[in-house]
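The figures here come from the full heavy-atom set of this structure, side chains too, leaving out hydrogens, waters and symmetry mates. First listed ligand is number 1; within each ligand, the first listed atom is number 1. Because the structure is predicted, anything quoted here is derived from the model rather than measured.
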Amino acid sequence: MTRSFQTAVLGAGLMGHGIALTLARAGHRVALTDPVADALASVHQRIAASLSLMGEGDARIAQILKQIDLFDTVPAAVTGADFVFEAAPEKLELKQALFAEAEAHAPEAAILASNTSVMPITQIMAKLKRRERALGTHWWNPPHMIPLVEVIRTEWTSPEAMDAVTDLLAGAGKTPVRVEKDVPGFIGNRLQHALWREAISLVERGICDAEAVDTVVKSCFGRRLSVLGPLENADLVGTELTLDIHRTVLADLEDRKGPSPYLEGLVAEGKLGMKSGEGFRKWTPEEAQTVRNRVTTHLKKLDTILED
Ligand SMILES: NC(=O)c1ccc[n+]([C@@H]2O[C@H](COP(=O)([O-])OP(=O)(O)OC[C@H]3O[C@@H](n4cnc5c(N)ncnc54)[C@H](O)[C@@H]3O)[C@@H](O)[C@H]2O)c1
């Protein structure tokens, strides 16, 4: 049986509730903290709802919730922690202050991990006294359903800290992938936003509309992406074919360094996506909810299919 650890999760929002759920479901104790009283008061209920969506029954949900203790302060949550996962808002100074506080109150050997989306882990951890035990763990939303966690090394992170967190995550059923250099966007977001940059450009250049972009991805290479990575695919079709394609197509792909003016225009006009009823496409509240439900159902089904 795998060892049970004491873990702390800082932030009980979207990501924090899923990280806490995953660790508790794997048998670890979780100390969860959030300065917003409502976030803390509702988190057991939100975790129960997510577990129920994942197919867990009432008895198992109650058992998992017993593993999660709630605390008002960071010092109280990190005392005795083997691992500290930060999932607080994406603000550099806030994260730096949180880790300074965590370092002051957690055991000397505790591993400190940030879930920042794109901020350099190096900047977040620069002012710590023992930077060798600090690293990034980039979970994906929903953290309890997407297997990947990118484990990001800074120039100071020790191999032991990388191994310990990778083992913990693998033991909790996640798929940890090591990122050996602390680059913006790590691996997943670099790949994803390379695609989004071209997707936006296709619309901006009038080559197709946003719906066509989404249809092409969903009904074509998106279908095989969860079983065939891009470099596996390049090997499958042959590297010489890949080279020929790149010789023709790369010169015409979008390569601007900053955000697209088309995207900036949408934001300036208040077209913020599903929450405002329009972004690249128009959305009624019902259509937006249908998309959200479709993603959850699909992720749940994929889990069973890919187990085979
Ligand atoms: N939402 C995503 O898809 C996603 C994916 C990967 C990574 N992330 C990153 O994860 C982090 C959390 O994002 P989220 O989507 O869960 O945000 P969220 O707003 O849902 O949750 C953040 C929580 O942190 C709490 N908080 C505020 N100040 C705090 C403090 N000082 N200490 C502890 N908690 C504090 C807030 O009350 C809130 O409950 C961010 O860095 C974000 O960039 C988000």
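- Salt bridge Glu93/Lys91: absent, no basic N to carboxylate O contact under 4.0 Å.
- A salt bridge is defined here as a Lys NZ or Arg NE, NH1 or NH2 lying under 4.0 Å from an Asp or Glu carboxylate O, and Arg256 with Glu204 meets this definition.
- Salt bridge absent: Arg29 and Asp82 never bring a charged side-chain N and a carboxylate O closer than 4.0 Å.
- In summary, Arg247 and Asp244 engage in a salt bridge, as defined by a charged side-chain N under 4.0 Å from a carboxylate O.
- Aromatic ring pairs are classed by plane angle as parallel below 30°, tilted from 30° to 60° and perpendicular above 60°; the pair Phe85 and Trp139 is perpendicular.
- A salt bridge between Arg133 and Glu103 is present, with a side-chain N of the basic residue lying under 4.0 Å from a carboxylate O of the acidic one.
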Could you list, one pair per line, each nitrogen or oxygen of ligand 1 together with any protein nitrogen or oxygen closer than 3.5 Å, giving atom names and the distance rounded to 0.1 Å?
residue  : atom   : partner : partner atom : Å
ligand 1 : 8 (N)  : Ser117  : OG           : 3.1
ligand 1 : 10 (O) : Asn115  : O            : 3.4
ligand 1 : 10 (O) : Asn115  : ND2          : 3.0
ligand 1 : 16 (O) : Leu14   : N            : 3.4
ligand 1 : 16 (O) : Met15   : N            : 2.8
ligand 1 : 20 (O) : Leu14   : N            : 2.9
ligand 1 : 37 (O) : Asp34   : OD1          : 2.7
ligand 1 : 37 (O) : Asp34   : OD2          : 3.3
ligand 1 : 39 (O) : Asp34   : OD2          : 2.6
ligand 1 : 41 (O) : Ala88   : O            : 3.2
ligand 1 : 41 (O) : Glu90   : OE1          : 2.5
ligand 1 : 41 (O) : Lys95   : NZ           : 2.7
ligand 1 : 43 (O) : Glu90   : OE1          : 2.8
ligand 1 : 43 (O) : Ser117  : OG           : 2.6

